[in-house]
Amino acid sequence: MKLENHLPTRQLQALDSAHHIHPFTDRGALNAKGARMITRAEGVYLYDSEGEKMLDGMAGLWCVNLGYSRPELVEAASRQMSQLAYYNTFFQTSHPPAAILAARLAELAPGDLNHVFFSGSGSETNDTNIRMVRHYWASLGKPEKTVIIARKNAYHGSTVAAASLGGMAFMHAQGGLPIADITHIDQPYWYGEAGDLSPDEFGLQRARALEAEIDRIGEDKVAAFIAEPVQGAGGVIIPPDSYWPEIQRICDEREILLIADEVITGFGRTGNWFGSQTFDIRPDIMTVAKGITSGYLPLGASLISDKVAGVLQEKGGEFAHGYTYSAHPVAAAVAIENLRILDEEKVVETVRNKTAPYLEQQWMKLAEHSLVGEARICGMMAAIELSPQKAERSAFAGDAGVAGLITRDICFANGLVMRSVGDAMVISPPLVITNSEIDELISLAIKSLDMAEKALSEQGLMKAAK
Ligand code: PXG
């Protein structure tokens, strides 16, 4: 069959319905209406097969940091494909993009994260991290240190191991997860779980849950703690100010490694190159993916400290682990170019000093909307909590997530991609979004919230849970 991008929409939808199984999608429900066919994109805008334009408030899936259609990234891929489209790095070979990208990441990363293991995605990178931290402790003569502590409602990926690290109960329910030796502590979700505690009291309480969990399991059995600086897929959960300093103190005092999963927060999202800089976190290992190539090609990497890499080099022998596409030369070449543009065009500085403060000013005004219980933002990732009774921060009486989905569909129909997580609405726009595009995003969001409130009232859904 000829590959064809311009068949009529209905024909494309029929092919898709018949043969394509989508991630995280109820296939029956999707096929009843047909997928929206996205055919091209430019800057912060997507276009579908009907010619409709949408402002992409999610940067694809939290990844298109430089926006769409950057010719330099296309040229970098094309040049590298012509020169060396593929070679592996398993058997004592390397290639220029692998070496140059590893060095550049070491330069950009905070602290002494000077060593890089490449993979093809965030999930694979976290699988690598599990094996690496266990191998690290075994190399030090402590093979019983295997347990990894993660958090409820965390997202670390979708492979068997990464979904086990994640704390999504509905994912664990499919396929018998989590795998052994992974435990989950409560998350620092102030809006949803703090009761009467102040943010700082609550942040300390949730951080100290790590200490209690280490004691429960026994420090001699714990290998690492993994967490996202700001939970992304969990609903842009920004921890209280007291949280990360206390987590860092505990990790410093105890013999465990700290893994910062920066798949979303890396490469400028929070207004610094890494979320670890925003929250003053000193990880032993950092997970990156997504924004490393602005999503133009799949690539992930573990950034590893001198301490961990030193032990592995001196005592670890061969690390029996690797992927066909570890350090894929074309993905690495695109990443190098992506990092060059982020740096030379001062994208991260512009986010920190100009566009994120402006987005914050506008976004926080959404808190005044009668359907919104809270607005929160960290750099270029933000959320609003929908509530039928904002003064009490009430949840909806009906099934969780219904109001969110109704609002998401209204946003889509109005030309704005804003994702729902339960009954929170989240955004994570391309970092190159301008102030006037932010104005457009906010006015589409307000229009959509007005329409959603009306739709929810008409359907009798504006009732608060007891
Ligand atoms: N860690 C974090 C923090 C992530 O956000 C992954 C790991 C896994 O990366 P890969 O490349 O294997 O997908 C992610 C991915 C959503 C959504 O609906 C979020 C992600 C992926 C898919 C959907 O918000 N994040």
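Heads up: numbering here begins at 1 and tracks the sequence. Counting convention: from 1, in listed order, for ligands and their atoms alike.
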### Summary
Rounding to 0.5 Å, atoms NZ (K290) and OG1 (T265) come to a distance of 11.5 Å
### Query
Mind checking whether Y323 and H321 have parallel, tilted or perpendicular rings, split at 30° and 60°?
perpendicular
### Query
What distance do L371 atom CG and I384 atom CD1 have between them, rounded to the nearest 0.5 Å?
7.5 Å
### Message
Strictly below 4.0 Å, N to O, side chains only: are E211 and R208 in salt-bridge contact?
### Response
no
### Task
Below 4.0 Å from any atom of ligand 1, which residues have a heavy atom? Give them in chain and number order, please.
L61, W62, S121, G122, S123, N126, Y155, H156, G157, E228, A233, D261, V263, I264, K290, R419
### Query
Thinking salt bridges, do R206 and E193 make one under a 4.0 Å N-O criterion?
yes
### Task
Applying salt bridge (Lys or Arg N to Asp or Glu O under 4.0 Å), name anything that partners K221, two or more places apart in sequence or on another chain.
none
